[in-house]
Novice: 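Handing you a structure now.
Reminder, nothing fancy here: chain letters follow the sequence lines and each chain counts from 1. Remember, it's a predicted structure, so these values are computed and weren't measured experimentally.
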Number of protein chains: 2
Amino acid sequence: MTTCLRSVIVAGMDTNNAASKLEALGNPTRLSLYRLLVKAGHAGLSVGACQQRLEIAQSTLSFHLKALTQSGLVTQERQSRTLICRANFDLMNALVGFLVDECCADERCQAQTPDAA
Amino acid sequence: MTTCLRSVIVAGMDTNNAASKLEALGNPTRLSLYRLLVKAGHAGLSVGACQQRLEIAQSTLSFHLKALTQSGLVTQERQSRTLICRANFDLMNALVGFLVDECCADERCQAQTPDAA
DNA sequence: GCCACATATCCAGTTTTATAGAATTAATTG
DNA sequence: CAATTAATTCTATAAAACTGGATATGTGGC
């Protein structure tokens with residue numbers, strides 16, 4: 001149905017912005033962590049729960065988690081002693097949108113943007 | 001309409017695979033290059049044309065282009081003396097699909113996968 | 001075969017990541 | 001305030017990425 005899939009909105013995203021987010025996801029440990037949170041959905045997971053599942057050193061997890069939260073792809077909410085982590089789905093959608101933005105702008109393409117130059 | 005957008009197929013993608021592709025896109029220079037090719041669509045662009053637009057050293061472009069082609073995100077076709085580069089849209093779709101795969105598997109979600117565990 | 005063109009590889013140097021043990025901060029409970 | 005739990009920061013080290021100048025390779029024309 002969609003060749004260039006363009007069904008999401010690109011909101012306030014530029015190249016450097018998007019690159020830093022993709023870089024955050026471009027590490028096996030961080031991607032595993034992110035996907036763990038994607039699966040967990042709105043409920044999220046505590047840092048400790050993530051550590052148990054990923055089986056990596058605490059400091060290593062903290063290092064990668066920091067990268068994901070700083071990029072905005074993961075949000076955190078304190079619940080007394082534990083920190084709940086959640087995937088930021090809106091940002092993911094914006095990122096995906098950016099990747100396919102202006103897809104085939106110089107060509108005919110089934111899924112052209114209405115506002116493409 | 002879709003909260004977790006899941007309209008593409010995840011084909012032969014695993015975490016390490018996806019991470020290496022995301023890493024390839026997670027650099028401003030490479031992301032600019034990739035988006036240049038996305039805009040160019042099926043017609044693609046020669047390496048020289050990319051260099052003119054990006055204004056970086058030849059060796060630097062070659063370095064980044066190699067990363068993109070090795071990851072499979074960009075394909076190349078020789079036309080006599082020039083190399084035409086094209087974005088691999090199918091792989092991009094697979095990558096996006098992987099990112100949102102099993103989205104909210106542990107939660108109710110509008111766009112659940114039919115085969116999710 | 002030689003020359004011009006298009007692109008890749010080699011080779012530094014510099015900067016950035018990734019890892020994890022040890023120490024530290026922060027929040028809760030008694 | 002001492003003890004406990006949860007998570008981060010400090011520190012060091014090894015590995016990898018990024019850059020661009022110089023050089024090499026492949027391609028086509030004369």
Side-chain angles (χ1 to χ4, degrees), chain A residues 15-37 40 43-88, chain B residues 15-37 40 43-88:
Chain A
T15 302
N16 287 328
N17 222 262
S20 75
K21 283 153 187 55
L22 290 164
E23 185 186 28
L25 293 171
N27 168 280
T29 303
R30 282 196 297 271
L31 185 55
S32 298
L33 173 55
Y34 179 77
R35 272 168 55 81
L36 205 60
L37 296 177
L45 281 176
S46 70
V47 177
C50 292
Q51 202 211 332
Q52 281 191 314
R53 282 162 182 73
L54 295 177
E55 296 183 308
I56 55 178
Q58 243 191 358
S59 58
T60 303
L61 173 61
S62 207
F63 171 78
H64 290 299
L65 196 49
K66 188 179 183 182
L68 285 172
T69 50
Q70 281 185 338
S71 77
L73 285 162
V74 166
T75 60
Q76 293 182 316
E77 184 201 351
R78 176 134 240 152
Q79 281 185 3
S80 78
R81 277 198 276 210
T82 65
L83 261 183
I84 303 298
C85 307
R86 293 190 186 88
N88 182 347
Chain B
T15 303
N16 287 328
N17 222 261
S20 75
K21 283 154 187 52
L22 290 163
E23 185 186 28
L25 293 171
N27 168 280
T29 303
R30 281 195 297 270
L31 185 56
S32 298
L33 173 55
Y34 179 77
R35 273 167 54 82
L36 205 60
L37 297 176
L45 280 177
S46 71
V47 177
C50 291
Q51 201 210 331
Q52 281 191 316
R53 282 163 182 74
L54 296 177
E55 294 181 312
I56 54 177
Q58 232 192 5
S59 57
T60 304
L61 173 60
S62 209
F63 172 78
H64 290 300
L65 196 49
K66 189 178 182 180
L68 284 172
T69 51
Q70 280 185 340
S71 77
L73 286 162
V74 167
T75 60
Q76 292 182 316
E77 182 199 351
R78 178 136 239 153
Q79 282 186 1
S80 78
R81 275 197 279 210
T82 65
L83 260 182
I84 303 299
C85 307
R86 293 190 187 89
N88 182 346

Novice: Give me the bend of the helix from C:dG1-D:dC30 to C:dG30-D:dC1, using the axes of the five pairs at each end, rounded to 10°.
Specialist: 20°
Novice: Output the residues of residues 59-70 of chain A in contact with DNA chain D, where contact means a heavy atom of the residue under 4.0 Å from an atom of the strand; sort by number or write none.
Specialist: A:S59, A:S62, A:K66
Novice: Considering non-hydrogen atoms only, spot the tightest contact between A:T15 and B:P28 and give its length.
Specialist: CG2-O, 3.8 Å
Novice: For the pair B:N88 (side chain) and B:G72 (backbone), establish whether a donor and an acceptor sit closer than 3.5 Å, ignoring hydrogens and angles.
Specialist: yes
Novice: Using the side chain to side chain contact (heavy atoms under 4.5 Å, CB included) rule, take A:R78 and A:Q76 through it: C-alpha gap first, then chi angles, then the decisive distance, then the call.
Specialist: CA-CA 7 Å; A:R78 176 134 240 152; A:Q76 293 182 316; over 6 Å; no
Novice: Residues of residues 75-88 of chain B with any non-hydrogen atom less than 4.0 angstrom from an atom of DNA chain D: list those, numerically ordered, please.
Specialist: B:R78, B:S80, B:R81
Novice: When you measure from the side chain of A:E23 to the backbone of B:E23, do you find a donor-acceptor pair of N or O atoms at a distance under 3.5 Å?
Specialist: no
Novice: State which residue, out of A:L33, A:L31, A:N27, fulfils the side chain to side chain contact (heavy atoms under 4.5 Å, CB included) condition with A:L68.
Specialist: A:L33
Novice: How long is the gap from CG on B:L83 to OG on B:S46, to the nearest 0.5 Å?
Specialist: 9.0 Å
Novice: Quickly work out the A:L45 CG to D:dA7 C1' distance and round it to whole Å.
Specialist: 15 Å
Novice: Please identify the 5'-most and 3'-most nucleotides of DNA chain C with any atom under 4.0 angstrom from a heavy atom of chain B.
Specialist: C:dA4 to C:dT9
Novice: Walk me through it: do A:C85 and A:L45 pass the test side chain to side chain contact (heavy atoms under 4.5 Å, CB included)?
Specialist: CA-CA 5 Å; A:C85 307; A:L45 281 176; 5.6 Å; no
Novice: For B:R35, give me all partners under salt bridge (Lys or Arg N to Asp or Glu O under 4.0 Å), at least two apart in sequence or on another chain.
Specialist: none
Novice: Does anything in residues 52-73 of chain B pair up under side-chain hydrogen bond (donor to acceptor under 3.5 Å, both in side chains), and if so which pairs, sequence neighbours excluded?
Specialist: B:R30-B:H64
Novice: First locate atom CG of A:L65, then atom OH of A:Y34, and finally report the distance between them rounded to the nearest 0.5 Å.
Specialist: 13.0 Å
Novice: I'd like to know if the side chain of A:Q51 and the backbone of A:I56 have a donor-acceptor N/O pair within less than 3.5 Å.
Specialist: yes
Novice: In Å, rounded to the nearest 0.5 Å, how long is the span from CG of A:L73 to CG of A:L25?
Specialist: 5.0 Å
